[in-house]
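Read the structure below first, then the notes.
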Amino acid sequence: MQLYSTNNKENIVDLKQAVLKSLAVDKGLYMPTDIPQLDPKFIANIKDFSFQEIAFTVCANLLKDCIPANDLMGIINRAFNFPAPVVPITDKISTLELFHGPSLAFKDFGARFMAQLMSYFNRGNKDDLTILVATSGDTGGAVAAGFYNTPGIKVIILYPKGKVSEIQEKQLTTLGGNITACEIDGNFDDCQALVKTAFLDPELTKAFNLSSANSINIARLIPQSFYYFEAYKQKQTDKPLVFSVPSGNFGNITAGLFAKRMGLPIEKFIAATNVNKVVPDYLSSGTYNPIKSKETIANAMDVGNPSNFARMMELYPTHDSMTNDIQGYWYEDSIIRGKMKEVYLETNYVLDPHGAIGYLSCEDYLKSNDHELIFLETAHPCKFLPDVEKAIDTKIDLPQSIKEILNKENINNPLDNSFESFKSWMLS
Ligand SMILES: *Cc1c(COP(=O)(O)O)cnc(C)c1O
């Protein structure tokens, strides 16, 4: 497999480099030079394949001979040991629940696969890899759980003091082992600035074999395509199938577009957002205008300049080609809250705010189409507990895994937001 930078098609690397570097030197995102069509017989007989076998088939075609078959199967089996069920909500609308992994969000799929690939590519290197990651909440939890106990890798997570939820903080600070959490007295931007500066610091880069677990890493995108195949397999419909994807940085939907390119018969994608609606605006107007992000209750999607838009433009260079396959919808907080309550009262299903955006867009899409729809439920509702309980006016049950970590003690390293403090802590 070869990959090029979205900023320069001549800048070509192999998978190992793309995974260990995350971002190209010219700051572009890596894209596969070739997205091969899968054998139509595989798609026709997909019900005979397990999730792991689907993942293997996609990888064998996309990654080619980067990784020998036995090693690849091991990577896949270690990464994906939890289900991704499609659950019907109405006769036309189902949800693909992506929150059954350890951090209860879809980011587990990407983080666990990336951890396995990084460990694989760093094998035989006598120096451990040190992953630095800044988080505003969800990414850190998935990365911490994904890399936990991965041989040859240490993880340092920087999170802003008092600005992540109680459950999120527990997910970052209670694992121990190769996962270390730093509580930074500052905001998310300070955390991100510390990570960026660390990568430029000669002493730190000499002392550590540093890498990042950035969300734009191609190793996080590839596994997110597997569950579109899995959902298609479970749905078994003769009607045209539409996926609605609650989107922030647009990685999840880009992975779905990869699946379609590989031959999965998907009629349309819905790009569903909160008021950070730069992509729905692009789809309706043809102009891309990044904004400063606005805070909403679907805060994992508060992104004003989605990084993966560059990859979408590689797949659909013209506005017409993109609008053929993708339709945009967006919603305000009050609408999201109202729908969470309505769906709970009518069906007993508890949506999280991000999933509620997916559900809303399915309903709106059905007003002018008779298709079958699946929206992605990107996180378990308990990750947004106060907003969800308030919206539906009911207490929700916590999953057992969360009940267990709530009793554990937070272990973190409190630091101020200066680079000097962070650096001296690293070097000690
Ligand atoms: C990260 C995240 C999203 C946004 O996904 P993108 O791939 O960035 O579009 C949506 N919902 C939840 C719960 C998330 O954590």
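Start at 1 and go down the list; that is how both ligands and their atoms are numbered. Basis for what follows: all heavy atoms, side chains included, without hydrogens, waters or symmetry-related copies.
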**Q.** Cation-pi geometry met for Arg261 and Tyr316 (6.0 Å, 45°)
**A.** yes

Q: With the side chain counted from C-beta on, respond yes when Pro102 and Arg112 share a heavy-atom pair under 4.5 Å apart, and no when they do not.
A: yes

**Q.** Residue part near ligand 1, for Lys383, under 4.0 Å between non-hydrogen atoms
**A.** neither

Q) Taking heavy atoms and a distance under 4.0 Å, where does Met301 meet ligand 1: side chain, backbone, both or neither? A) side chain

Q: Assess the side chains of Tyr159 and Gln168: does a donor N or O sit below 3.5 Å from an acceptor N or O?
A: no

Is there a nitrogen or oxygen of [X] sitting under 3.5 Å from a nitrogen or oxygen of ligand 1?
X: Ser247; result: no
X: Asn249; result: yes
X: Lys107; result: yes
X: His354; result: no

Q) Given Phe250, Phe99, Phe106, which one has a non-hydrogen atom that is nearest to atom 5 (O) of ligand 1? A) Phe106

**Q.** Option whose closest heavy atom lies nearest to atom 9 (O) of ligand 1, chosen from Gly248, Gly355, Ser307
**A.** Gly248

Q. Rounded to the nearest 0.5 Å, what separation is found between the CD atom of Gln2 and the NZ atom of Lys64?
A. 9.5 Å

